[in-house]
Amino acid sequence: MRNRYLDLLRFLAIVRVVVYHVTGYAALALVFPAMSVMFALAGSLMAASLDRTGVPAVRRRLRRLLPSLWVLAAVFVPAMLLTGLPLTPKVLLWLFPVSDPPANHWGGLALSPIWYLRDYLWFVLASPLVLWLFRRAPLPTLLAPYALLAAIEFGILADAPTVLREFGLYFGAWLLGFAHHDGLLRRMRNRVLVPTGLVLGAAGLTWIFTHPGPRGYDLNDIHLGNALWSAAFILVAIGRAPAEAAWVDRNRVLSGAVTLLNRRALTIYLWHMPFVVALTPLVHLVGWSPRDPVGLAIRVVLVFALVGVVTLLVGWVEDVAARRTPELFPGRPRRTVAERAAAAPASPAPAGAESELVGAGAAAARPAAPRVPAPRPALGERVTRGA
């Protein structure tokens with residue numbers, strides 16, 4: 001049974017990502033480090049899949065991940081090839097992005113969220129081995145990505161590849177997802193978890209405010225601070241996750257929205273940025289300032305509306321990839337087989353059949369008279385057969 005609290009966290013993370021990309025408000029990343037939360041939730045699900053099916057879980061996870069990317073590539077790669085992208089073998093990375101696939105001048109920004117799939121792909125491939133290591137040495141395995149990131153940030157590993165840096169930045173969150181699945185976070189007592197979270201959070205915030213990036217205190221530019229602050233957030237938000245959150249489903253609108261965004265998370269994530277880029281010229285066209293609250297609110301609504309249209313058109317691909325029955329609107333209550341049969345219209349009956357059915361029903365409803373057994377003859381009495 002799904003934990004609706006974790007579904008709610010993923011819902012909030014997706015909404016936060018879209019709003020952040022429209023508004024550019026760095027405070028949103030501080031209040032809710034959405035990408036690390038998404039990796040932690042994905043790590044927990046990956047550990048559960050490995051426990052359930054073993055190494056074949058990697059293939060199943062990739063099967064669910066890649067088709068939505070291929071749909072995006074089928075639209076945008078030809079458009080980029082027609083507008084200046086050279087046709088080289090690297091274009092094949094759009095089929096399996098172990099590295100950043102090539103893009104032209106406009107595609108580089110519109111399709112920038114592809115880094116998430118690149119990291120996700122590497123994390124999935126590494127998970128069988130790393131989960132084995134994690135269960136034999138949890139703390140050293142968990143600390144390794146943070147040590148790697150510190151070595152890169154302090155210049156010990158200069159010119160580290162992008163994938164290696166991303167392992168240091170986000171794989172720690174993925175491993176915290178392992179810890180959540182194995183119950184390690186839940187078993188941590190508050191006198192350990194709370195001080196640990198406070199220390200990590202204080203260290204992360206200190207690094208963030210003493211090492212601002214080109215956009216100020218935006219976590220995306222301050223990797224070490226991002227990793228530490230996100231770890232503290234995950235320890236509290238996921239480490240103390242309730243076993244269930246029934247209140248989510250008490251509100252029909254909230255329940256439907258949470259289910260919809262969870263079932264279409266990848267489609268929304270991949271397609272929202274092209275609309276953010278396409279709508280940006282409206283700022284100058286209609287005379288809004290880049291920070292005009294009304295203009296930003298309208299852009300947020302327009303982006304969600306356009307993403308909603310695309311989700312209706314291609315979101316069902318996620319259902320097919322997950323081997324679910326394709327749905328246009330996931331999350332709507334579905335009637336059971338018995339409910340559908342009860343609601344099915346009856347075939348027209350011949351004249352007079354209604355009274356016969358009523359009579360038959362009444363006869364069936366009358367209890368049958370009890371059968372009284374014939375008396376058995378006494379011992380020695382001759383039994384005669386009736387003529």
Side-chain angles (χ1 to χ4, degrees), residues 1-4 6-18 21 34 38 41-42 45-46 48-49 52-53 56-80 94-97 101 107 110-111 113-114 116-118 120-121 124 248-249 252-279 300-337 339-340 343:
M1 184 176 180
R2 294 186 66 93
N3 186 324
R4 295 296 276 169
L6 300 182
D7 286 346
L8 178 64
L9 281 182
R10 189 180 291 105
F11 165 83
L12 294 174
I14 290 292
V15 172
R16 204 285 283 160
V17 166
V18 176
H21 281 151
M38 289 170 64
L41 295 174
L45 290 175
M46 187 65 203
S49 297
R52 191 163 51 249
T53 61
V58 172
R59 184 182 68 253
R60 292 186 178 92
R61 189 62 56 179
L62 296 181
R63 185 196 68 214
R64 297 182 67 166
L65 178 72
L66 294 174
S68 294
L69 169 65
W70 296 338
V71 171
L72 182 83
V75 174
F76 285 98
V77 170
M80 290 190 293
W94 283 101
L95 299 178
F96 201 76
L111 304 176
I114 199 69
Y116 173 72
L117 272 74
R118 178 200 66 213
Y120 198 116
L121 177 63
V124 167
V248 173
D249 291 323
R252 189 172 180 179
V253 174
L254 176 62
S255 176
V258 169
T259 301
L260 174 63
L261 265 71
N262 273 267
R263 292 281 186 89
R264 299 292 182 260
L266 190 54
T267 301
I268 295 170
Y269 182 81
L270 288 174
W271 284 88
H272 79 277
M273 196 62 187
F275 293 121
V276 172
V277 173
L279 291 175
V300 168
V301 172
L302 287 175
V303 167
F304 273 109
L306 292 170
V307 170
V309 172
V310 172
T311 300
L312 284 176
L313 294 175
V314 301
W316 54 268
V317 173
E318 293 194 60
D319 291 329
V320 175
R323 296 185 176 177
R324 296 189 298 257
T325 301
E327 297 179 279
L328 287 180
F329 298 97
R332 290 188 304 175
R334 303 181 69 181
R335 294 185 298 177
T336 64
V337 175
E339 290 172 338
R340 290 198 299 270

Closest non-hydrogen atom pair, Val303 against His272: CG1-O, 4.1 Å

Trp94 atom CH2: more than 12 heavy-atom contacts under 6.0 Å: yes

Let me confirm one number: the CD1-CZ distance from Ile114 to Phe76, rounded to the nearest 0.5 Å. 11.0 Å

Pairing of Arg264 and Asp319 as salt bridge, 4.0 angstrom limit: yes

pair Met38-Ile14: side-chain heavy atoms closer than 4.5 Å: yes

Please report the C-alpha distance between Leu261 and Ile268 in whole Å, then the side-chain angles of each, then the deciding distance to 0.1 Å, and finally whether the side-chain contact (heavy atoms from CB on, under 4.5 Å) criterion is met. CA-CA 8 Å; Leu261 265 71; Ile268 295 170; 3.7 Å; yes

What pairs with Tyr120 under ring pair (Phe, Tyr, Trp, His ring centres under 6.0 Å), at least two apart in sequence or on another chain? Tyr116, Trp174

Worked check of side-chain contact (heavy atoms from CB on, under 4.5 Å) between Leu260 and Phe329: CA-CA 7 Å; Leu260 174 63; Phe329 298 97; 5.8 Å; no

Strictly below 4.0 Å, N to O, side chains only: are Glu318 and Arg324 in salt-bridge contact? no

So, the side chain of His21 versus the backbone of Val18: is there a donor-acceptor pair under 3.5 Å, distance only? no

Begin with the C-alpha distance, continue with both residues' side-chain angles, and end with the deciding distance and a verdict on side-chain contact (heavy atoms from CB on, under 4.5 Å) for Val258 and Asp249. CA-CA 9 Å; Val258 169; Asp249 291 323; over 6 Å; no

Taking Asn262 for the side chain and Asp7 for the main chain, is one N or O donor matched with an acceptor at less than 3.5 Å? yes

Donor-acceptor check, side chain of Arg4 to backbone of Ser255, threshold 3.5 angstrom: yes or no? yes

Least distance between heavy atoms, Ala34 atom then Val17 atom: CB-CG2, 3.8 Å

Just so I know, are the side chains of Met80 and Val77 near enough to count as touching, which here means a heavy-atom distance under 4.5 Å? yes

Student check: side-chain heavy atoms of Met273 and Leu111 closer than 4.5 Å: no

Nearest heavy-atom approach of Pro326 to Trp316 is CB-CB, 4.2 Å

Within a strict 4.5 Å, meaning less than it, do heavy atoms of the Leu306 and Trp271 side chains meet? no

Side-chain contact test, heavy atoms from C-beta onward, threshold under 4.5 Å: evaluate it for Val307 versus Phe275 and give yes or no. yes

Give the table of side-chain donor-acceptor pairs shorter than 3.5 Å for residues 61-72, with sequence neighbours excluded, one pair per line with atom names and distance.
residue: Arg61; atom: NH2; partner: Ser49; partner atom: OG; Å: 2.7
residue: Arg63; atom: NE; partner: Ala321; partner atom: O; Å: 3.0
residue: Trp70; atom: NE1; partner: Leu95; partner atom: O; Å: 2.8

